[in-house]
Amino acid sequence: MLTFERLYKMGHEEVIFFSEPSCGLKAIIAIHDTTLGPALGGTRMWPYASEEEAVEDVLRLSKGMTYKAAVSGLNLGGGKAVIIGNPKEDKSEALFRAYGRYIESLNGRYITAEDVNISVQDIDHVYTETNYVCGIDKANGGSGNPAPYTALGVFRGMEASATKVWGSRDSISSKTVGIQGVGSVGIELAQLVHDAGGKLLYTDISEENIGRMKERFPSAQYIAPEKFYGTEMDIYAPCALGATINDETIPQLKCQIVNGAANNQLAEDRHGQVLKDKGILYSPDYLINAGGLMNVSIEFEGWNDYKSRRMIDTIYDTTLRIFDMSEERNIPVNEATDALAEERLDSMKKIQTTYLGRGSDHRFPGTKARHNKL
Ligand code: NAD
């Protein structure tokens, strides 16, 4: 149940329920933390079995966005939204425009984008009603498909892992990378590994996506999903589902690095320590898959490809910094990543107590400085 005690515990600022019976809109927006700036996070549409389930999802996802933005060095807070409904039956222009009007009413505290089951066309309807939306079509001045940028960030993380384990980022050229899930991000990651000279293994359950891989990378080797974990490879790149690092899979792994795009790869936090004990270097998943978020965040200052790629390149150094923290403090990488995010949030909370004087926006001290950074 949603209680104030629960919100205090998870650190949420605000949870808003919006409804519009005429078009069947049932949406929940959770704003977790706006210490660093407006809360940015996508909208997910899902036929949740209960409202309770939708609340759980939006609370968990919005908190994750705070950590992702913080560790990525972005001046953004964490938020997320869910629309309860069947994406095949319940979508309409009216629903997304009604939703857009409610986002507008939040006055920029929350900015939305695509997430699961939300298309660029849906987002364009939202954009008709509010400017607090990103991930809009390139034709409308947006940044388009985020997958190539997400893949670039994952590859920068992979280079950092290669530096840590084998002494050089170029060492990928002599290594075998196994990609689990060759969808939007996985196939783009395959291209980057291929261009770097690495050998590719992959698995998937979609005939269509397997066919696409065969056509684009004829030399890459397909492995059946059930054999994938036990296959010899240097780098395992989970790019399909979360929780693939668990008690059942860890004993099977024959890789030295785990580095992929999937969200929440560790089934439980303790699996970070289990990987460490096994001598497998795990990359901080919510940092290395932040390329898509970095890319959309640039829309507000005028998107361009060069700026976006330069920002995503920083993932290499941040990943190495997290590896160093993990070593120095003798903690697993996932704990070091959380610590880096929390330390940034704590230090920024402290400077916000400084009074900024009566600037031009004297009615709301502090807000101007914050919003200018976005
Ligand atoms: P996608 O749906 O395009 O691709 C996922 C692929 O995984 C599909 O080809 C699917 O068939 C395959 N798959 C599903 N179950 C599988 C299984 N059991 N074994 C093997 N393959 C399986 O998704 P995507 O956009 O490429 O995202 C991949 C992952 O990265 C997801 O976990 C997503 O949450 C995460 N992520 C994506 C982005 C982005 O920009 N798209 C950003 C951050 C994180």
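The first residue in the sequence is number 1, and the count goes up from there. As the structure is a computational prediction, the values presented were derived from the model and not from experiment. Whatever order the structure lists ligands and atoms in, that order sets their numbers, starting from 1. Atom set for the values below is all heavy atoms of this structure, side chains included, hydrogens, waters and symmetry mates excluded.
Note on R156 versus E159: salt bridge recorded, some NZ/NE/NH1/NH2 to OD/OE distance being below 4.0 Å.
Considering only non-hydrogen atoms, atom 19 (N) of ligand 1 lies nearest to I205 out of V116, I205, N264. Taking only non-hydrogen atoms, the option from A240, C239, P148, S206 nearest to atom 22 (C) of ligand 1 is A240.
At the top of the distance list for atom 33 (C) of ligand 1, counting protein heavy atoms only, stands N263 ND2, 4.1 Å. Protein heavy atom closest to atom 27 (O) of ligand 1, with residue, atom name and distance, is V185 CG2, 4.0 Å. Closest to atom 4 (O) of ligand 1 among all protein heavy atoms lies G183 CA, 3.3 Å. Nearest protein neighbour of atom 20 (C) of ligand 1, counting heavy atoms only, is D204 CA, 3.6 Å. Scanning the protein for heavy atoms near atom 40 (O) of ligand 1, the closest one is T150 OG1, 2.7 Å. Remark: minimum distance from atom 43 (C) of ligand 1 to any protein heavy atom is reached at N289 O, 3.6 Å.
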Original post:
Between V55 and F17, is a side chain to side chain contact (heavy atoms under 4.5 Å, CB included) present by the stated rule, with each step listed?
Top reply: CA-CA 10 Å; V55 167; F17 288 65; 3.9 Å; yes

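Of the heavy atoms in N209, only side-chain atoms (C-beta onward) come closer than 4.0 Å to ligand 1.
You'll find the ring centres of Y222 and Y202 inside the 6.0 Å limit.
Taking every heavy atom of L241 and a limit of under 4.0 angstrom, the matching atoms of ligand 1 come to 15 (N), 18 (N).
Y149 and E188 share no side-chain donor-acceptor pair at under 3.5 Å.
Without hydrogens or angle criteria, S174 side chain to S171 main chain gives a donor-acceptor distance under 3.5 Å.
Considering T150, I312, I315, T337 in turn, I315 is the only one that fulfils the side-chain contact (heavy atoms from CB on, under 4.5 Å) rule with I288. For the side-chain contact (heavy atoms from CB on, under 4.5 Å) criterion with M348, the lone passing option out of I351, D346, L345 is I351.
In this structure, Y102 and F18 have parallel ring planes: the angle between them is below the 30° cut-off, well short of the 60° mark.
Heavy atoms of A261 come nearer than 4.0 angstrom to ligand 1 in at least one pair.
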